[in-house]
Amino acid sequence: MDALAKPAYLTHEEHAPSQPKLLVHPSAKTGLMSWLTTVDHKRIGFLYGFFALFFFLVGGFEALLIRTQLMVPNNDLLTAQQYNTLFTMHGTTMIFLGVMPLSAAFFNFIMPLQIGARDVAFPRLNAFSLWTFVAGAIILNIGWFLPSATHGAPDGGWFGYAPLTSKQFIPKHSIDYWVMGLQLLGVASIAASLNFIVTIINMRAPGMTMMRLPVFVWMTLVTSFLIVLSFPFITIALVEVMMDRQFGTFFFEVSGGGMPVLWQHLFWVFGHPEVYILILPAMGIVSEILPTFSRKPLYGYPIVVFSGACIGFLGFAVWSHHMFTTGMGTVATAAFSLATMAIAVPTGVKIFNWIGTLWNGHLQMRTPMMFALGFVWMFMIGGFSGVMHSAAPADAQQQDSYFVIAHFHYVLIGGSLFGLLAGIHYWFPLMFARQVSEFWGKVSFWVIFVGFNVTFFPMHFLGLNGMPRRTFTYDPNLGWNVPNMIATIGSYILGVGIVIYFVTIIYTFIKGKRAARDAWDGRTLEWSLPNPPPEYNFRVIPTVHARDAWWYEKHHREEIEKERALHAKEEEAHGGIHMPFASIWPFVASCGLLIGAIAVSALDSNPAPGIHLKLGLALTGAIIMFIGIYFWSLEGNEGYHLHLDENGNPIEDSHAKH
Amino acid sequence: MSAPITAAAADHDHGHEFSKFQIYVQIAMLLAVITGIEIICVYIPFAKWIIVTTLVVLSVVKFMFVIFYFMHLRWDKPFCTILFFIGLTLAAGTMWALLALFSAEASLPLPT
Amino acid sequence: MSSHAATATIDHHHDPSTSTGIPNKKLLMWAFLASDCMFFAALISTHLIYRLHPPADGLDPKVVFSPELTSFSTFILLMSSLMMALAVTAIQKGNLKSCRWSLLTTIFFGMIFLGCQVYEFEHFVHQRGMKINNSLLGTTFYTLTGTHGTHVAIGVLWLSLMYVRSFKPAAGNPWAKSWFSHNLLHVVTLLIALLLTLKVVLGLVHAIQTEPTVGAALGHFFGSEFIFLAGALIAYGGLVWLARPRGPVAFNEANAIDVESMGLYWHFVDIVWIVIFTAVYLLEYL
Amino acid sequence: MLTFLPTLARWSRAVAALAGLSLLAGCDLNFWRMDGHQSTMVVEGPVARDQLYVFYVTCWVTLVIFIIVGGVLAYATVKFRARSEADEHAEPPPQGHGNPLVELGLIGGSVLALVFIAIPTLRAIWTTHDVPEAEKANAYEINATGYQWWFRFEYPSEQATVDANIKMPLVTGNELVIPAGRPVRINLRTVDVIHSLWVPKLAGKVDMIPNRANFLWLKADKPGYFWGQCAEYCGDSHAVMRFRVVALGPREFNDWLDQQLQPARNVAPVPANANRPRAQFTALRSFKTNEAGITAKFDVNPLESWKEKQAPEKDEDAALVAQGKTLFSSKACITCHSVRGHVGAGIAGPDLTHVGSRSTIAAGLIENNREQLRRWIRNPGSVKPGNKMAKGYVDNKIVISTEEEVALAAYLESLK
Ligand code: HEA
Ligand code: HEA
Ligand code: CUA
Ligand SMILES: [Cu+2]
């Protein structure tokens, strides 16, 4: 991790504070402890990215198994059980452990830099989100390593329709892992998003008005709002499933009057905003990349921002389009059908404005730009199949068929994933001070692009030809053999592309050539920083004068220099750069959550001593979490101050409590 | 909402600090009285819709008093109000939509 | 991150270190409350939907509920909100002593509310036969009000920790060294006091509900709860002793924002109850 | 000027790769004919047709938009790309910010396009929802119930003879026989989890949700044989929860009803000395897991093949059938299956009164013939993972010898 190593001034001995041992702040700057205790948004972002990419590979591996099973009819590579587990875990992993945390990685790493802040508003809360996310990921996947007859990984489908998830139909613990895993991920996501909301609204550099925020920051804000407003619904729905499973309640239990369709509503009230949670960050990234490589500001900035917010909030009014076949009656169906179509308008606006950005530009076809353009094309296709779904009568044929699979992989891979892969390439020089090879970047793009289309385009035809999703096998006489074979081959090509992509990235991370500062002639503030950015980000908090702040600075050098020197003095007079102390307590609190969640999900209440063990362990977890939070609160807002000279070298550093 | 850092604002509302105590007590009394009215309301033999409307209105009034006074939205930056009302409106809207969906004929559970 | 000015007069409606002037913690809390609205929307919707379509042989809430107790606890919660608001004004004016008293009262009221709720649950389960796993009404009712109760419990815990924290010695206070263990003791004593209070409240409510006259109720109460009452009194004594003044503390006007955001949470729990009271209880009596 | 060549080369390579792929797959790429048994594109009923019509509208509208928007995007990409290294670092282009009029125009255009989609959508929501008013009187009602993992069909208007004085609505399983040319309204119920009834050529799916009174309507233009499948994930064997729909002309439908309304058929015993061949107890060849249980018979001429199944088999062995009948009680089959008129009134499994006349068993998964029946009876669990019948075997400790297997199969086959 040499690329992330911190400058030497941070390895100083700390002054021993006059505090009880437990409250001494961890001071490791390297090694495992430094990662467990870090509150630096960049390191946390890096860790998010690391875990997300790992789980993306796991999810991709699961997808390859799925595709291999479906390569030929009546294949028996996998049993029905294994297959069902695989698609459930593939969907859940990709969405909650792949794309969402990868977006969070960018939120963490890039967003504070783009608004000219030194950190997020609540650095330790940020660490807590990270570790809770890891805990959730562990719970979700723990079933793989336990006996499949009584435990096993989740196998109820990624939207776990009741009553299949009840104890009656799936008595083993697999569903409990799913419930508790998602529950922890929910806690992590909500905590992180609250943090981002406060950061964006409150921590902007002077002059960075809302209408000057980079679009990526805007999309972070909208996404965060979507998360805090939609996750509660799935949290409650999951609580209800958990109560049904553990305490014999009747939420979705027909014998007691429960209505399983209620689960679908509660889930999709969350589920549809969720898909925009997956796409908006990618749209934000693309809205950064296209202007940079067109060397021209984003076309129609206010309307792009507004349409982003519009998509977000319309997203709360369309959830039942996933339920067109549940017999909602004509009026409800019509209402949700029309509302869903309406979303095409703000989304289209974005597409048009991206094209407008290209228009009259000087397009530089670098790897990030390729992925970004790939995004626009593929997302458009995915959006169109979405509009086909939104016509309820047509959807009656498409729902739960491979047409849906095609639709959402176009928006999820061609959309979200392309956007995120573009983002990795785009910010790589900034994050790791290394320049990725253009050649290999482009090779990976083309292989991924071709593989992706070969995999998923035939699925439209499969769906229209009546192939239902979530089927572990099919008969050879239905006309599905050829497209399935093609799709499987395509997925291998896609796999090769992904491997090339990752090998390139990892190679560059270790041995790539050093990147110049401001590698792409960027437009936003993060490019004003040295790479990798120092722990304190900005030596002097910048003052923002225009929308593309860094572009403006580059074109008004002198004026900016003067202003900066002045502000440096002012800041020094105010006590220098305030840095938060590292802390182990968020990690401890997350560990407590993990232990409690394991107790609830993995242990039986009976036979006999079971319930005591379960309660005991759950209580232990709760107490550990409580201790973590308690010590964390005792630490207060303490931090230390840095004093830097013009070149960013420390003058002296002192500890002060606040 | 997007104001850059400015110098500490003037002491614009030190005037009402003194009277806050009284305001709070008065509001608490008001809330208690409204609660009393609500409880009595349900026993009044008026048409159901009238009572329901009254109850909803009274609850909303209580709700607003608490958030605007006890939670001092009234004295805070309007942005806090906006922020909270985003959640509140969505919550109310979703609740309304769900109840409407489940009141529709298509959603009646099977007769038992 | 944190406000720079610790001593100068603080404008509690404007924090110059943030872009909007709203303190970070306050913003965090409001955003969280917006999110919490959605939590309760999901829960209340579930409850109401099942009230709209109750199972044919379901329980009748009118038979189960007891409006007097609920009205009483609603009133108590409103009063706790008042005390909370007063605590915030007190600390904003730097009046630490008054703030502590208000906090304690809020905690106390909160405990009474919780006590009533525990009593109510127990009563419903044992006397009225409504269990969480024997009827849909029980399922949704206990989950909804239980979640609210959990919110109250967390609030009480938070208030307690804030109260104890208000004794944290200022830098330079010689007592600072031993404060940490003292602090733990303080927390534990407070928790014991709270639990005993809960027990006593339960006993009192039980006595009042079962005995015909006030005199009989009191007799019953003292007869059965004497030990706990005594224990609670000792614990309160301990609290008073632990709270004796020991030099300057690091809790002042600058911490108003901590108390205030906690207050926001507490008031929110109160307004959720306003909705629950109407939607869950009152509407059933029409 | 020739700088576009590398791009062109790249594109050609991509196309070549695609072509190579199709060769690799070793088949002609005719899959876009999309005329499989479960096609939603080659439809045979008004409901599916309305739905298809809406699909075409969405398809054409979005295709046109795609061509326009994609065209402009492609043009912009090619036209404005930097031609050279030097070009990249040249003076940046004018920093234009946008044009509200263009935006408004495009928004208006999008809305207009959506109106094109919305109108037929709204119309079809109503037409596909329920049987049209004019045809209501003529509609035929059927109750369909989902089970993990098979379908039960009940004809409430047909009273079948149980014995001399008891009548009950006709019940069949996994093969839904409907009158052609007549609207059919199917009430959808389930006994366990959510299932979904889908016959793509006749109508889109509607879910069978516990505690919810769903229904769907469909109509077959003319007699035919249709493939259907459960379309909502319902546990282990969701993939193999299939069924067939047979639409018959009025006369044939009535004949079929007449036959079905009879109690189970008894095979006349043949005199003991009659010189009939004894059944041969050939060992069942071992099937591979997931091995297809179907032949081309039903693909080629499904309806005719189905009709063939209605007549008794030619080489029936009465003794064997009788033995099978006894085994059917002694092996506990009767606890789950009904055979109206014979012993057996179980309801956990499909009604087998006329199972011999169905073209498939195990919920549309395998063809109904001697070999497959034996395969099924021997080890239902290997045919259909998680199967409840397999569980029934284990719970009841049922063991079936090869001989018994043959007899049971003969018995079931005789139930025409
Ligand atoms: C990144 C995630 C993402 C995104 C962005 C979208 C975007 C959209 N989705 Fe998608 N969707 C999913 C992820 C996503 N979806 C997932 C995961 C599922 C399946 C869940 C499951 O069952 O497992 C799903 C399922 C799904 C369904 C349910 C299908 C079914 O199960 O029956 C529907 C139905 O309406 C739908 C519609 C739409 C629409 C209308 C959009 C729109 O937002 C698209 C808008 C975009 C465009 C239209 C293109 C650009 C616009 C123009 C160029 C302007 C001009 C165009 C017109 C006027 C038409 N989606
Ligand atoms: C963001 C989300 C996302 C992403 C990126 C993907 C990516 C892919 N998906 Fe997935 N998919 C979903 C979300 C996603 N999917 C969801 C939500 C479902 C529905 C689940 C449900 O029904 O419940 C689904 C379902 C789904 C199905 C349908 C299963 C069914 O219904 O029966 C299929 C079938 O082809 C499929 C295929 C693929 C393929 C081939 C990829 C490829 O793009 C994957 C590419 C990646 C690789 C090929 C990895 C390469 C790595 C290696 C080769 C190295 C391996 C090493 C290690 C493990 C260390 N997906
Ligand atoms: Cu039944 Cu899927
Ligand atoms: Cu959706």
Side-chain angles (χ1 to χ4, degrees), chain A residues 18-20 22-23 118-119 121-123 125 190 193-195 197-199 201-206 208 224-225 227-237 239-240 243-244 247-251 253 256-259 262 265-266 269 574-575 578 580 626 630 633-634 636-639 657-658, chain C residues 1-4 6 15 17-25 27-29 31-32 34-43 45-46 49-50 53-58 131-140 142-143 147 157-158 161-162 165 168 171 176-181 183 187 250 258:
Chain A
S18 65
Q19 278 194 332
L22 273 170
L23 292 184
R118 293 223 164 95
D119 208 325
F122 302 95
L125 185 62
I190 292 182
S193 304
L194 290 173
N195 209 342
I197 291 177
V198 177
T199 307
I201 291 178
N202 257 358
M203 311 277 291
R204 284 164 287 133
M208 179 63 88
S224 301
F225 267 107
I227 288 177
V228 300
L229 295 174
S230 69
F231 264 79
F233 263 76
I234 192 180
T235 302
I236 294 303
V239 165
E240 293 177 354
M243 303 271 286
D244 276 4
F247 305 116
T249 54
F250 298 120
F251 284 110
E253 176 54 52
M259 293 190 265
L262 177 63
H265 282 289
L266 296 181
V269 167
H574 278 96
H578 177 96
F626 179 75
Y630 182 55
S633 72
L634 283 185
N637 291 347
E638 291 163 9
K657 284 186 218 153
H658 264 289
Chain C
M1 281 281 330
S2 61
S3 66
H4 286 265
D15 177 350
S17 69
T18 66
S19 317
T20 52
I22 304 166
N24 283 346
K25 283 179 182 162
L27 203 58
L28 179 80
M29 195 35 80
F32 169 72
S35 170
D36 222 13
C37 283
M38 295 301 277
F39 277 100
F40 281 102
L43 277 166
S45 306
T46 305
I49 284 168
Y50 283 134
H53 305 301
D57 50 355
K131 298 193 187 136
I132 194 165
N133 58 0
N134 77 350
S135 63
L136 195 53
L137 179 66
T139 293
T140 59
Y142 288 122
T143 309
T147 308
L157 202 63
W158 189 356
L161 292 179
M162 187 67 74
R165 216 202 109 179
K168 183 176 179 178
K177 285 231 172 54
S178 64
W179 168 72
F180 182 65
S181 43
N183 170 287
V187 174
D258 297 334

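Convention: sequence-line order gives letters A, B, ...; per-chain numbering from 1.
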Query - Atom pair CD1/CE of A:I190 and C:M38 - distance to nearest 0.5 Å - result: 10.5 Å

Requested in this report: Working to the nearest 0.5 Å, report the span between CD1 of A:I236 and CZ of C:F39.
Outcome: 6.0 Å

Query raised in the report: What option among C:S35, C:A31, C:P54, C:S135 has the most heavy-atom pairs under 4.5 Å with chain A?
Result: C:S35

Query raised in the report: Would you find a donor on one side and an acceptor on the other, under 3.5 Å apart, between the side chain of A:T249 and the backbone of C:T139?
Result: no

Report summary line: Looking only at heavy atoms, the pair that brings C:F32 and A:L194 closest together is N-CD2, 3.6 Å

Report task. Could you tell me whether the side chain of C:I49 reaches within less than 4.5 Å of the side chain of A:L262, counting heavy atoms only? Result -> yes

Query raised in the report: Side chain of C:T18, backbone of A:N202: donor and acceptor closer than 3.5 Å?
Result: no

Query raised in the report: Which heavy atom in A:R204 sits nearest to a heavy atom in C:S19, and how many Å separate them?
Result: N-OG, 2.9 Å

**Report entry** Structural part of C:L28 lying under 4.5 Å from a heavy atom of chain A
**Finding:** both

Query raised in the report: Does the C:Y50 side chain pair with the main chain of A:G257, one donor and one acceptor, at a distance under 3.5 Å?
Result: no

Requested in this report: Determine the minimum heavy-atom distance between A:M203 and C:N24, stating which atoms define it.
Outcome: SD-ND2, 3.6 Å

Query - chain C contact via A:F225 - side chain, backbone, both or neither, heavy atoms under 4.5 Å - result: neither

Query raised in the report: Which atoms of C:T147 come close to chain A, meaning under 4.5 Å heavy atom to heavy atom: side chain ones, backbone ones, both, or neither?
Result: neither

Report summary line: On a heavy-atom basis, the closest approach of A:F250 and C:L136 is O-CD1, 3.4 Å

Report summary line: For C:A34 and A:L229, the nearest pair of non-hydrogen atoms, with its separation, is O-CD2, 3.9 Å

Report task. Would you kindly say whether C:T46 and A:E240 are connected by a side-chain donor-acceptor distance under 3.5 Å? Result -> yes

Query raised in the report: Could you give the distance from CZ (C:R165) to OH (A:Y630), rounded to the nearest 0.5 Å?
Result: 10.0 Å

Query raised in the report: Heavy-atom distance under 4.5 Å to chain A: side chain of C:K131, backbone, both or neither?
Result: neither

Query raised in the report: What part of C:D36 lies closer than 4.5 angstrom to a heavy atom of chain A: side chain, backbone, both or neither?
Result: neither

Query - C:L157 side chain reached by A:F626 side chain, heavy atoms, under 4.5 Å - result: yes

Query - Shortest non-hydrogen contact between C:N133 and A:G248, atoms and distance - result: CB-O, 3.1 Å

Query - chain A contact via C:A41 - side chain, backbone, both or neither, heavy atoms under 4.5 Å - result: both

